[in-house]
Amino acid sequence: MKKTIVLFTVFFSAVLFGQQKDYSIQSVPFTQVKLTDNFWLPRILVNRNVTIPASFERCESTGRVKNFVMAAAKSGKFCTRYPFDDTDIYKTIEGASYSLALYPDAKLEAYIDSLIVIIGNAQEPDGYLYTARTIDPAAVHPWSGKERWEKERELSHELYNAGHLYEAAVAHFMATQKRTLLNIALKNADLVCSVFGPDKKHVAPGHEIVEMGLVKLYRVTGKKEYLNTAKFFIEERGHFAGYDPKSKDPWKNGAYWQDNIPVTQQDEAEGHAVRAGYLYSAIADVAALTGDDSLISAIDKIWNNVVEKKMYVQGSVGAVGNGERYGNNYELPNATAYNETCAAIANVYWNYRMFLLHGDAKYIDVLEKTLYNGLISGIGLDGKSFFYTNAMQVTGNFKHADIEYTRSGWFECSCCPTNLVRLIPSIPGYVYAQKDNDIFVNLFINSTADLIVNNHNLQITQENNYPWDGGLTFYVKPKNNTEIFNLKIRIPGWAQDKAIASTLYQFTDKSTQRAHIKVNGQLIDYKVENGYAVINRTWIRGDKVEVALPFEVRKVAANENLSDDIGKIALQRGPIIYCAEWPDNNGKASNLIIPQNTQFTTEFKPDLLKGVTVLKAAVPAVVIENSNSISTKQQTLTAIPYYSWANRGQGEMMVWFPTQVKGIELLAK
Ligand code: FUB
Ligand code: ZN
């Protein structure tokens, strides 16, 4: 296991290969943060015990594994729907590998070994791996093109498949130290690097992720060509002459693929939201590794654009169903909100990298908002039912073809479930980060973490009841008994009266409450730098830090440009955004009004939705008796965390509530 820890550390630092540039902040690897948490540990265990086996089972039963078997035999007919279906196996192997690193499991490891043999057999002698062509090159999938890479810019997904293969291979190698999948990935990457480059074939990959994957291969091998090719792919964007720059259609002007203008000139999040999130993540990686500031300045501008104009209150992005894409500025409709789960995952990847670049807590604030709300809403509490889209409201008489109101076990295009498989077990890796002797505490998750500071071992234990309570305790244990370092504890924006780091959302009632911090029982005065309370001292083994974050129920109002939210409020407590769902509110949710002066009480319900804190208040509810009679009656509103909706059958759900009767849309019957 020791070897594994070393390798996971290598994953985060290219400096060991003599490459001097990298993120100045390094993540503390997820294998070194042992969770004891009531909120996240059960989710990681459900992922291990339910989601991973269900996902492998579905890869088998839907024909995804069979595609590889047929590719090896070079006979048969590609038997699933999309040429990127290969990636569901890769993503499940990636997640299962992370899980193996946390929980060794010989049976699971052997099963993965058997899949890797099947994958290896499907690889062509020169490294090409893409079952949709190899099975029968004369009868390829319509998206694939007659020749290799011919339709890469559009929809073939050859490089998308490659990217997920690389990510899986690196995870598997680091978890098991076996090179089996890594060798397959390297052979493929060597082919990709031999085909594409400044003096070779030019293309902006149709669906980004190969860039992130190449960076990971570079980190593991130190082979510069992988990094160069990732950079090349990023710089290829915006140079295709075949688009119509005058067209407003993102498919025709290239914006759908983030290919309308060179990335260094991009300043707005556009196009397919998952593609965009993976591109911005790769830009951050490549910028960190090459020191290219023009790339950083582009993603800084794009980040501001998203946070100022394109993010839902519960952290989801990608508002528009047609093209699964970012909408125009302030285009955040509730009734048709698309919000693909994969886009939330990509947003977490991107925001984490922004933090590693800049060391500012505002990126973790966004990451936390997405993670605790619009991302885990994508997986049911059973671990085997999913949302591909994440609705913002469900009303009795509303239907929309693109939006789901009930969860499914799998989808024909099943990118989201398998993406969750790989995200969930990596969450311990987002808790701590480090820059020399600055230790950043980013997430509040019960755990014991092993760090190294000033070349000495240090243990930090967190105890809290987050996200239901703002009381956080940290025990600091330097192995040497004393150690000097800065403990930088994130004070979330919402605990400093900021709903988001922009004017997109704000709390309607100002709060003057401030986080209090005690060290060994003594209240201390602290400075907040870039969103972190900085505690510098000579730490003594057993030192105890207590943080009390203000944790009231807050009402959130939207920027007046968000037309759907005018006259409405949303509810937040700590990092959690709430919704009202039908089972708790007399079978409806669209008839509830929350006047500005409403006072809430809170109650932790251990038996509800696997344990949630609910908000309660007496509010008016609209009653329509017949077409001539409308009145309100007082009733108790019960709000549950948004992430937990749709676990009790189908019915109404609302995130935004009118504050007055005049603001109500008469969607209720
Ligand atoms: O194209 C591959 C994946 O399928 C995308 O990331 C998802 O949005 C879905 O379209
Ligand atoms: Zn998806």
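Position 1 is the first residue of the sequence; numbering continues from there. It should be emphasised that the depicted structure is a prediction, and the values quoted were computed from it without experimental measurement. Counting convention: from 1, in listed order, for ligands and their atoms alike. Excluded from the calculations below are hydrogen atoms, water molecules and symmetry mates; all remaining heavy atoms, backbone and side chain alike, are included.
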Pair Y128 and W149, ring centroids less than 6.0 Å apart: yes
Check: Y643 ring centre within less than 6.0 Å of F39 ring centre: yes
Enumerate the pairs of nitrogen or oxygen atoms, one from ligand 1 and one from the protein, separated by less than 3.5 angstrom; state names and distance to 0.1 Å.
unit_1, atom_1, unit_2, atom_2, d
ligand 1, 1 (O), H157, NE2, 2.7
ligand 1, 6 (O), H207, NE2, 2.7
ligand 1, 8 (O), H272, NE2, 2.7
ligand 1, 8 (O), E324, OE1, 3.0
ligand 1, 8 (O), E340, OE1, 2.6
ligand 1, 8 (O), E340, OE2, 3.1
ligand 1, 10 (O), E324, OE1, 2.7
ligand 1, 10 (O), Y388, OH, 3.4

Centroid-centroid distance, F411 to F386, less than 6.0 Å: no
2.8 Å cut-off (strict), protein N, O or S atoms about the Zn ion (ligand 2): 4
Aromatic plane relationship, W251 with W257 - under 30° parallel, 30 to 60° tilted, over 60° perpendicular: perpendicular
K187 atom NZ, over 12 foreign heavy atoms within 6.0 Å: yes
Check: H207 ring centroid to Y160 ring centroid under 6.0 Å: yes
Ring centers of F232, H202 separated by less than 6.0 Å: yes
Gap separating the CG atom of N373 from the OG atom of S316, nearest 0.5 angstrom: 8.5 Å
Ring-ring centroid check Y642 Y578, cutoff 6.0 Å: no
